[in-house]
Amino acid sequence: MPLSLPSALPSALPSALPSRSFVNPLQLAGYPASPSGSASGEASPKPLLLYLPGFDGTLLSPFLQLPELSTTFDVRGLSLLPPDRSSFASLVSFTASYIERRSSPVHRSPPVYLAGESFGGLLAAAVSNELDRRNRPLAGLILINPATSYLNSALEKTATPLLKLPPALYAISLLRLFPLLSDPYQLPQFLDIISGASLPSVIDTPAREAYLGRCAFSLPSSLPFLSQETLDHRLTNWLAAGCAALPPAALRSIAPPTLLVVGELDRCLPSLAHSEELLGLIPDARRVVVPGAGHASTLGSRADLAALIRERFGLPGRKELKAGASEGVGKDFGMIRRIGMREDMREGMSPVSYWAKDVYEPPAKARPPVVIVPGFFNDAIDYIAPLKQDESVGLRSVLGRRGYSDVTVVPVKRVEWLRVIAGLLFAAVWQPAATPDGPAYAWILKRIRSAILAASEGSEEPVLVIGHSAGGWLARAALADGVWCEGIVGSLITLGTPHYPPAEGSGVSDMTQGVLKYVTDTFPGAFLSKQMTYVSVAGDYVSGDSQGGKKERLACDSYRTVCGKGDGVRGDGVVPLEYALLDGAREVSLDGVLHSINEAGTTEPTDNWYGSEQVVDRWMP
C-alpha cells in the first residue's frame, strides 16, 4: 500500500474547487453508488437531501450517516472552504437558487429535504423561508443542534475572545473549543472501533466499513484550520448575522414539517433547552433527543439519521435503530458487537482492502452543470416530462443518469413564444431588420444568460449549454462576443438547430426578420472556438418529397421553410441536415434520429429523438 493514500472525506477537496460548492460527498469518498430508484424499488428518482454544515464548512460531522441516507435519498452537501467570505444573505440566496434549479412545483421533480447542522441549521431555516417566498416549498426540514441559540451559547462566550489574542497564541488557544464539542462516549467508542470489537450500527456492510476506514485515513488532511480572520468572519457574518435574520417571527414562518434532532449533552449550544423554545415557535415541529450525544457527535454512532427522517416524514424503510444498537448502555448505545453481525463482518477489514474494487469506486471526473435552451414553441416541461410521460423519460433525467446532476432547463412557457411574433411585427414596422437585442428575442436571451450564470455559481467546471432547435442559435446569440461568458461556458452542443437563414434568391423569407442573419454574420460558425468547444448534431431521418407519404410531405414543407428547397433534401424531419451542421464545430450526423419529442405530425411520443435514452450517447462528448 503506497504511503500517499486517496482522500476519502469530502472536506479534503481539491484546491481548484470554488470556495463554496455543492458536492456529492459519497462519490468524492469513493463509496459505491446506490441504485438510482427510490427506496421502495420504484424507478422514479430519489428525493434530494441537501446537507448544510456547521461553521467549519466541512462535511465531516455526518459522514457515518451518509451511506444509509443514500439508500433513501440523493445526498448532496454544501462545502465551504476557509477562503469563503460569503455573507449570510448570500449563502441563503446561493442555496435557495441551487434547490430552485433542482425542483419545480409544476414538473413533478423529486421532493427536496433540507438538513442543517449547527450553523447549517440556522442557514437551513432561513433558506426554507426564502424557498417559500419563491414558491418552492421543501418537503421537509431537518435541524440538527441549530445555532439559532448562538448568541446565548458557550460557543459565543468562548470563541469571541480568541479573536483578540496575538496570532502566536491563537492556534493553540483553539483547543479551548474542543471540550465544547465532545461527549463522554466518543473516545471509548472510537477505541472499540479501531480494536475491532464493535461498529456503529449504520456501518453494517463491507463497503461501509471500507468507507469508514478511508475516512479515518484522510481525517488529518480533512480538518480545516480557520485563521483568526476566517473565524471572525464566520462568527460575525454567519452566526451572529444569521441569528439577527431569524427573529421569533421568522421561526414562526417556517412552513415545512420539521424534525429537530438535538444532542442530550451538547455543551457548545444550549440545544436541549432551546429545542423546547423552537417547538413552541415552529408550527409543525417534532423533536428527537439523541441520548448521551454532544455537539459534534449528535450524528455520530448514537443516531441513525435516515431512520429518524423516514419516521418523521413517513418515508419507506427502517424507522428505528437496529436491534441490539438501541439496547446498549453508555458507550455501547448505537453500536453493534462484531460477534453479533453477519458472517462477512465478524472480523475487522484490513486497511489494504479499503480501496479494493468491490468496495471502492474512484471518484469520477466532475460533470459540468448543464443548461438546456428550449426550441421555438417548446415548453421547459418538454425536456423534463415530455408529453405528460414520466419524468424519467425527459432529457434532464437522461443526462442525470449519466452523472450530470445539475441540469437546468431555461424556464419558458409555450405561450411566451408569442412575444417573438409580436416583437417581429414591431420590428417590421420600425426597422428593416431585427437584431437579437430587439423586442422579439431580448427576453429569452436574458433568461439564457441568467440560467448560465446561476448554473456556473459554485461549480468548478464550466457550463455545458445544450440548445435544441432554435435554442441552438439563440444560445449563440446569447453568448455573443464571449466577453461575459469566458471561463463560464465550456461547450455548446446544438441539436437540430437551423444555423443559417434561407439563401438569398431562394424565394423564402427569413422568419426571424433578419435576426438569424445578424447572428450568422456577426458571430459566424464556431465563433468562440478559442475559449469553448462546439458540437453541432443533425438528424438524418427522412428525405423531403412533395409527392410522398405524410412524413415525407411534412418534411418537404418544413425543409422548404428553412432553406427554400424541400424535395430530395434530407434532415431530421424539420431542419435540413446541411443547415444543422455549424461551420467549425465538431459535426455529428445521426441516422434515423427525429427532430423533436413527438412523431412528426402527431402528438405521439417518440423514443428516437435527440434527447432519447438510446440516442444521447451518440452525441454527448
Side-chain angles (χ1 to χ4, degrees), residues 18 20-24 45-52 73-80 86-116 120 122-142 242 245 250 253-258 367-374 379-385 391 394-397 399-400 404-413 416 443-444 446-459 461 463-466 478 488:
R20 59 184 192 181
S21 59
F22 294 100
V23 300
N24 182 332
K46 293 178 181 177
L48 172 68
L49 176 67
L50 185 62
Y51 172 85
L52 307 182
F73 298 100
D74 175 14
V75 181
R76 295 290 187 272
L78 173 62
S79 169
L80 298 165
S86 301
S87 67
F88 183 79
S90 173
L91 289 174
V92 171
S93 177
F94 178 66
T95 305
S97 294
Y98 175 81
I99 294 173
E100 192 172 28
R101 297 199 304 271
R102 297 288 301 267
S103 65
S104 167
V106 177
H107 298 150
R108 303 194 302 276
S109 298
V112 178
Y113 294 81
L114 183 61
L122 187 65
L123 179 60
V127 170
S128 175
N129 285 344
E130 173 64 15
L131 288 169
D132 284 335
R133 189 186 67 80
R134 299 186 188 190
N135 194 30
R136 292 291 196 275
L138 294 166
L141 179 65
I142 302 100
S253 299
I254 293 175
T258 301
R367 296 287 196 184
V370 176
V371 172
I372 299 172
V373 184
D379 190 296
I381 199 171
D382 295 341
Y383 307 89
I384 299 172
E391 191 171 326
L395 177 56
R396 187 174 71 173
S397 292
L399 295 174
Y404 295 90
S405 60
D406 190 355
V407 180
T408 301
V409 183
V410 174
V412 61
K413 293 293 185 182
E416 289 185 283
W443 63 277
I444 186 63
K446 181 179 179 181
R447 288 193 198 177
I448 293 169
R449 294 181 184 120
S450 295
I452 290 170
L453 290 172
S456 70
E457 190 174 7
S459 173
E461 296 291 324
V463 177
L464 165 60
V465 180
I466 299 175
I488 293 175

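For clarity, every value in this text was computed on a predicted model and none was experimentally measured. The analysis underlying the following values was restricted to heavy atoms, covering all of them including side chains, and did not include hydrogens, waters or symmetry mates.
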- Message: Would you compute the distance between atom OG of Ser253 and atom CG of Asp132 and round it to the nearest 0.5 angstrom?
- Response: 9.0 Å

- Where do Ala125 and Ile254 come nearest, in terms of heavy atoms and distance? CB-CD1, 3.8 Å

- Query: So, do Tyr98 and Leu78 sit near enough that their side-chain heavy atoms are less than 4.5 Å apart?
  - Reply: no

- Query: Can you check whether Arg76 reaches Val23 side chain to side chain, under 4.5 Å on heavy atoms?
  - Reply: no

- Query: CZ/Arg396 to CG/Asp406 distance, rounded to the nearest 0.5 angstrom?
  - Reply: 10.0 Å

- Can you tell me how far the CG atom of Leu50 sits from the CZ atom of Phe22, to the nearest 0.5 Å? 5.5 Å

- Message: Tell me if a side-chain donor or acceptor on Arg367 pairs with a main-chain N or O of Ser405 at a distance below 3.5 Å.
- Response: no

- d(Phe94 CZ, Leu80 CG) to nearest 0.5 Å is 8.0 Å

- Correct closest heavy-atom pair for Ala245 and Ala250 would be O-CB, 4.1 Å

- Task: State, yes or no, whether a side-chain contact exists between Ile444 and Val410 at a heavy-atom distance under 4.5 Å.
- Result: yes

- Determine the minimum heavy-atom distance between Ala96 and Leu131, stating which atoms define it. O-CD2, 3.6 Å

- Message: Can a donor-acceptor pair be found, under 3.5 Å and without considering hydrogens, that links the side chain of Thr258 to the backbone of Pro256?
- Response: yes

- What side-chain hydrogen bond (donor to acceptor under 3.5 Å, both in side chains) pairs are there with at least one residue in residues 86-95, not counting sequence neighbours? Arg20-Ser86, Arg20-Ser90, Asp84-Ser86

- Query: Out of Val407, Val370, Val373, which residue meets the side chain to side chain contact (heavy atoms under 4.5 Å, CB included) rule with Ile466?
  - Reply: Val370

- Heavy atoms only: give me the nearest Pro411-Ala380 pair and the separation to one decimal. CA-CB, 4.4 Å

- Query: How would you list, by chain and number, every residue that makes a side chain to side chain donor-acceptor pair (under 3.5 Å) with Arg449, sequence neighbours excluded?
  - Reply: none

- Hey, what do you get for CG (Leu114) to CG (Leu138), rounding to the nearest 0.5 Å? 5.5 Å

- Task: Please tell me if the side chains of Thr408 and Val463 come closer than 4.5 Å, counting only heavy atoms from C-beta onward.
- Result: no

- Compare every heavy atom of Pro369 with every heavy atom of Ala455, then report the nearest pair and how far apart it is. O-CG, 3.5 Å

- Task: Could I get the full list of side chain to side chain donor-acceptor pair (under 3.5 Å) partners for Tyr383, not counting sequence neighbours?
- Result: Asn378, His468

- Beyond-backbone contact of Leu453 with Ile488, side-chain heavy atoms, under 4.5 angstrom: yes

- Query: Distance from Glu416 atom CD to Asp379 atom CG, nearest 0.5 Å?
  - Reply: 8.5 Å

- Message: For Ser97, run the side-chain hydrogen bond (donor to acceptor under 3.5 Å, both in side chains) check against Arg136, Arg134, Glu457 and tell me which one passes.
- Response: Arg134

- Item | Stepwise side-chain contact (heavy atoms from CB on, under 4.5 Å) test for Leu399 and Ile372 | CA-CA 11 Å; Leu399 295 174; Ile372 299 172; 4.2 Å; yes

- Item | Heavy-atom pair of closest approach, residues Tyr113 and Ala139 | CZ-CB, 3.6 Å

